[in-house]
Amino acid sequence: IVADGALQYIPFAALFDPDSPSQSAQFLFTNHEVVNQPSASFLAVVRSEVPKKHRAEHAVAVLADPVFEVDDPRVRRDGNNSAVEPTLELRQALRDIGISSDGVQIPRLYASRQEADGIMSAAPSGMALKAVGFDANRRRVLSNELSNFRIVHFATHGLVNSQNPDLSGIVLSLFDEEGKPQDGFLRLHDIYNLDLPADLVVLSACSTGLGKDVKGEGLIGLTRGFMYAGASGIVASLWKVDDEATSVLMKHFYEGLFVRNLTPAAALRSAQLTMSQDTRWQAPYYWAGFVIQGQYDQKDLVPGHFSLTQRRLTIITIVIVASFLATFLLVILIRRRRA
């Protein structure tokens, strides 16, 4: 889908398929993988750059459940900790986006830690990084550490300002273990300056797929920033997503990527199908907000990975070969005894 104007805010996957029977209307994503693009020429540029990239050695890095408040129970208590307000820039961004009415109190995303655990359970051993709590900080993102991973996943608050894109960003840990304040606001200009040649960046936060609509350019926001930084594909959201439902959706998504070796578009579709068939999460609000942009058909997102189907075929092949050899040896033994 290459949309324009207000159409960029529509989750096309959740629209009814006009080709489905009227008596049993189906969502468009039931039989189709739906991908959003700023333009066809943009996709062509992304595809031309992918073969030139050096693919990272590790699978996924997950940054989740940052520490936003000094009174967070994870902060050590020594009697000297005092409340520290976020910077003026971050307070303005929080108010504008509606996450915090006073620009001071930032709610913790408890399910984002469950989300990280779910991703790690699906990821291959030794090829994943889980940075939660204090470890989910701005300093880590600005280093070159994340360039070693094919997928980079953010599970935190995303701030997208459609009027002033410069105020957009991602909120990471605002305090260290001792309760000392630190800059945890990853601003849009920080993202543009990253060297992050990831196959996929997942922005598991509210409204991360939105931005300022610039005629002829599409939406200018976090997704454009990460693509400029080198990411080939982006998974982002179109509205304020539910914390718990998102953690469930992402667990299904990564099982599709890592266990079944699906492409990102196929894995997202599979996860959304699973959610839509669950009575608790079947409303489109819970699953339709996430869309994929840019490159969408990458395979082998885990270095040296064999998909479940490939493993089964390998096992079957080994069994067949072993059976053939056993039969062959048995025939030889029988002939020798007769001789």
Side-chain angles (χ1 to χ4, degrees), residues 35 42-43 45-64 66 112 115-132 135-156 158 170 172 186 190-205 208 222-236 250-251 253-268 271 290 292-308 310-311:
V35 180
F42 176 81
L43 177 60
V45 171
V46 170
R47 284 184 176 276
S48 66
E49 292 296 325
V50 168
K52 304 175 186 176
K53 287 187 176 181
H54 172 71
R55 302 197 75 184
E57 298 178 356
H58 300 287
V60 59
V62 183
L63 289 87
S112 66
E115 182 175 327
D117 292 339
I119 295 171
M120 296 300 291
S121 67
S125 177
M127 290 191 177
L129 166 70
K130 184 174 77 169
V132 297
D135 292 331
N137 55 62
R138 180 173 178 266
R139 183 175 62 257
R140 166 167 265 133
V141 178
L142 295 180
S143 71
N144 292 325
E145 182 181 7
L146 299 184
S147 63
N148 296 319
F149 296 87
R150 295 188 179 184
I151 304 174
V152 178
H153 184 103
F154 294 92
T156 180
I170 294 174
L172 297 169
L186 186 70
D190 293 326
I191 296 171
Y192 268 94
N193 290 324
L194 291 176
D195 178 17
L196 193 64
D199 289 335
L200 186 69
V201 169
V202 180
L203 302 177
S204 181
T208 51
L222 298 179
T223 57
R224 189 64 60 89
F226 277 105
M227 286 184 175
Y228 187 86
S232 299
I234 309 286
V235 173
M250 289 301 167
K251 185 175 187 298
F253 175 65
Y254 280 94
E255 287 174 348
L257 289 178
F258 294 149
V259 179
R260 299 163 60 193
N261 199 29
L262 298 176
T263 65
L268 181 59
F290 283 96
I292 186 167
Q293 301 182 27
Q295 185 78 352
Y296 56 89
D297 57 358
Q298 305 102 309
K299 298 284 280 187
D300 302 320
L301 290 174
V302 179
H305 174 70
F306 282 93
S307 69
L308 182 60
Q310 289 172 317
R311 290 199 296 270

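The figures that follow rest on heavy atoms only: side chains count, while hydrogens, waters and symmetry mates do not. What you see is a predicted model; the values in this text were computed from it and never measured.
A pairwise comparison of heavy atoms in I191 and A229 identifies O-CB, 3.3 Å as the closest pair. Here the closest heavy-atom approach between residue A128 and residue A123 is recorded as CB-CB, 3.8 Å. Closest approach of D297 to Q295, counting heavy atoms only: OD1-NE2, 2.9 Å. When all heavy atoms of A131 and A136 are compared, the pair lying nearest together is O-CB, 3.4 Å. In terms of heavy atoms, L129 sits closest to E145 at CD2-OE2, 3.6 Å. A pairwise comparison of heavy atoms in L196 and S147 identifies CD1-N, 4.2 Å as the closest pair.
L142 has its side chain within reach of L186: a pair of non-hydrogen atoms, C-beta onward, lies under 4.5 Å apart. Within the 4.5 Å cutoff, no side-chain heavy atoms of Q298 are placed close to those of R150. Side-chain atoms of R224 and Y192, non-hydrogen and from C-beta on, do get closer than 4.5 Å to each other. Inter-residue side-chain proximity for L257 and I151 is flagged as met; some heavy-atom pair is nearer than 4.5 Å. Between L146 and L194, every side-chain heavy-atom pair lies at or beyond the 4.5 Å cut-off.
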task = With side-chain hydrogen bond (donor to acceptor under 3.5 Å, both in side chains) as the test, would you mind laying out the steps for S204 and E115 before giving the verdict?
result = CA-CA 9 Å; S204 181; E115 182 175 327; 2.7 Å; yes
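In this structure, OG1 in T263 is found 9.5 Å from CG in L268, a value given to the nearest 0.5 Å. Here the NE2-OG distance, from H153 to S112, works out to 8.5 Å after rounding to the nearest 0.5 Å. A distance of 6.0 Å separates CD1 of I292 from CG of L200, quoted to the nearest 0.5 Å. The line from CG of N148 to CE of M127 is 12.5 Å long, rounded to the nearest 0.5 Å.
Of the possible donor and acceptor atoms, one in the side chain of R140 sits under 3.5 Å from a partner among the backbone N and O of D135.
Annotation for E57: atom CD does not count as buried by contact number, only 12 or fewer foreign heavy atoms lying within 6.0 Å. Other residues, nucleotides and ligands contribute more than 12 heavy atoms inside 6.0 Å of the CZ atom of R55.
Partner of Y254 under the side-chain contact (heavy atoms from CB on, under 4.5 Å) criterion, out of V62, V259, I119: I119 alone. Just one of I170, V152, V235 meets the side-chain contact (heavy atoms from CB on, under 4.5 Å) condition when paired with L203; it is I170.
Between K130 and D117 there is a salt bridge, since a side-chain N of the basic residue sits under 4.0 Å from a carboxylate O of the acidic one.
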